[in-house]
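Data block below; observations after.
Everything numeric in this text was worked out from a predicted model, so none of it was measured. In what follows, chains are A, B, ... by sequence order, proteins preceding strands, each numbered from 1.
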There are 2 protein chains.
Amino acid sequence: MSNSNIEDEKIINRLYEIHRRTAPKFESCTGISQTRLELLHELYEVEEISQRALQKKVNIDHAAVTRHLKQLEEKGMVIRRKNPDDQRFTYVSLSEEGRTRIIHYREEKERFISGVLNDFSAEERKVLLDMLTRIQHNIERFE
Amino acid sequence: MSNSNIEDEKIINRLYEIHRRTAPKFESCTGISQTRLELLHELYEVEEISQRALQKKVNIDHAAVTRHLKQLEEKGMVIRRKNPDDQRFTYVSLSEEGRTRIIHYREEKERFISGVLNDFSAEERKVLLDMLTRIQHNIERFE
DNA sequence: GCTCAATCATTGATACGTCAACTAATATAA
DNA sequence: TTATATTAGTTGACGTATCAATGATTGAGC
């Protein structure tokens, strides 16, 4: 196992560990999970959207989207209705309550992110985002 | 929601998405999950170690460690035995088969990592690892 | 020596992601 | 128009992480 790759390995391991340790703290800080907030945020930006289109935006599995939205509906955060013109589609929108509460969530998220990146200069943030984007592309190209 | 934070938000979202998309591909490429390979790798480096010490090294929850080791034991990859001098401790070691098979896993992991970082210069890798390490520290300091 | 605290391991409940199988509705093409 | 394919959504099975509760063993203080 060559020497240079030990460092590369650390990169991959760090990426994994960062995720594992971020997820619970994100939720305890903001009061909502990252994925759910992302869903709400997409809904915040539109009037109404089909589940399918929403799923494409957040890019997680259909099944997960269905379950999240079902629970968000139970909590009164979102509203779902079938498209009368094509009953296959379910349209989703933020409820009034959802639209109110997301503001608070987003503020907490901002604070959380500020903490995570607090010692990063603007330039560093740019470089980091660029690198992560490249990694993401590299991963897509597998198989 | 201020403008600069949109970019910061992308960083956090990328980190999350990278993990989500890496995990399944890592496993399909190498034939084993990242966490399990990490466990095996720690075992590879020692003769025998207590579950507790192993857990501290890989830094995931006790419960997860127990379950992984139980399954790895069922597959004949590791051997577990109680410490006769202190029955609270369970010692774990790689079986012969485990010791053989990890070599292949590690090779595949190396290939995987090479793909993920293929367009990164040595300098970039260094910078990236440094940044990720800083992020990790920042996350630890929460709450 | 006996009780209480500490430590390791296990198990249960929960959360969230994947894939695969299925249902329902619509589009296509013979 | 009727059979077939496609598309959206749901559900089930599974993997793996977390936290909380429990069991078992050992250590410490009285």
message = Taking the minimum atom-to-atom distance to the side chain of A/Gln87, which one of C/dC16, C/dT26, C/dA9 wins?
response = C/dT26

inquiry  = At a heavy-atom distance below 4.0 Å, what parts of residues 57-71 of chain B sit against DNA chain D?
reply    = B/Ile60, B/Asp61, B/Ala63, B/Ala64, B/Arg67, B/His68

ask   = With no hydrogens and no angle check, do the side chains of A/Tyr16 and A/Arg20 hold a donor and an acceptor under 3.5 Å apart?
value = no

ask   = In terms of side-chain heavy atoms of B/Asp86, which of D/dA17, D/dT26, C/dA25 is nearest?
value = D/dT26

key: Check: B/Ile139 main-chain N/O paired with A/Lys25 side-chain donor or acceptor under 3.5 Å   = yes

remark   = Of the listed D/dT10, C/dA25, C/dC16, the closest approach to the A/Arg80 side chain comes from D/dT10

query = Which part of the nucleic acid, if any, lies within reach of B/Arg21 when heavy atoms closer than 4.0 Å are counted: base, sugar-phosphate only, or nothing?
reply = nothing

remark   = Considering only heavy side-chain atoms of A/Ser50, the closest of C/dC16, D/dG9, D/dA24 is D/dG9

task = Check step by step if salt bridge (Lys or Arg N to Asp or Glu O under 4.0 Å) holds for B/Arg36 and B/Glu27.
result = CA-CA 10 Å; B/Arg36 276 200 195 173; B/Glu27 183 151 359; over 6 Å; no

remark   = Per nearest nucleotide of DNA chain C, the residue lying toward the 5' end, B/Gln51 or A/Arg88, is B/Gln51

query = Is the number of heavy atoms from other residues, nucleotides or ligands within 6.0 Å of CZ (B/Arg111) greater than 12?
reply = no

task = Mind calculating the distance between CD (B/Glu38) and C1' (D/dA17) to the nearest angstrom?
result = 14 Å

task = Please work out if B/Tyr91 contacts a base, only the sugar-phosphate, or nothing of the nucleic acid, heavy-atom cut-off 4.0 Å.
result = nothing

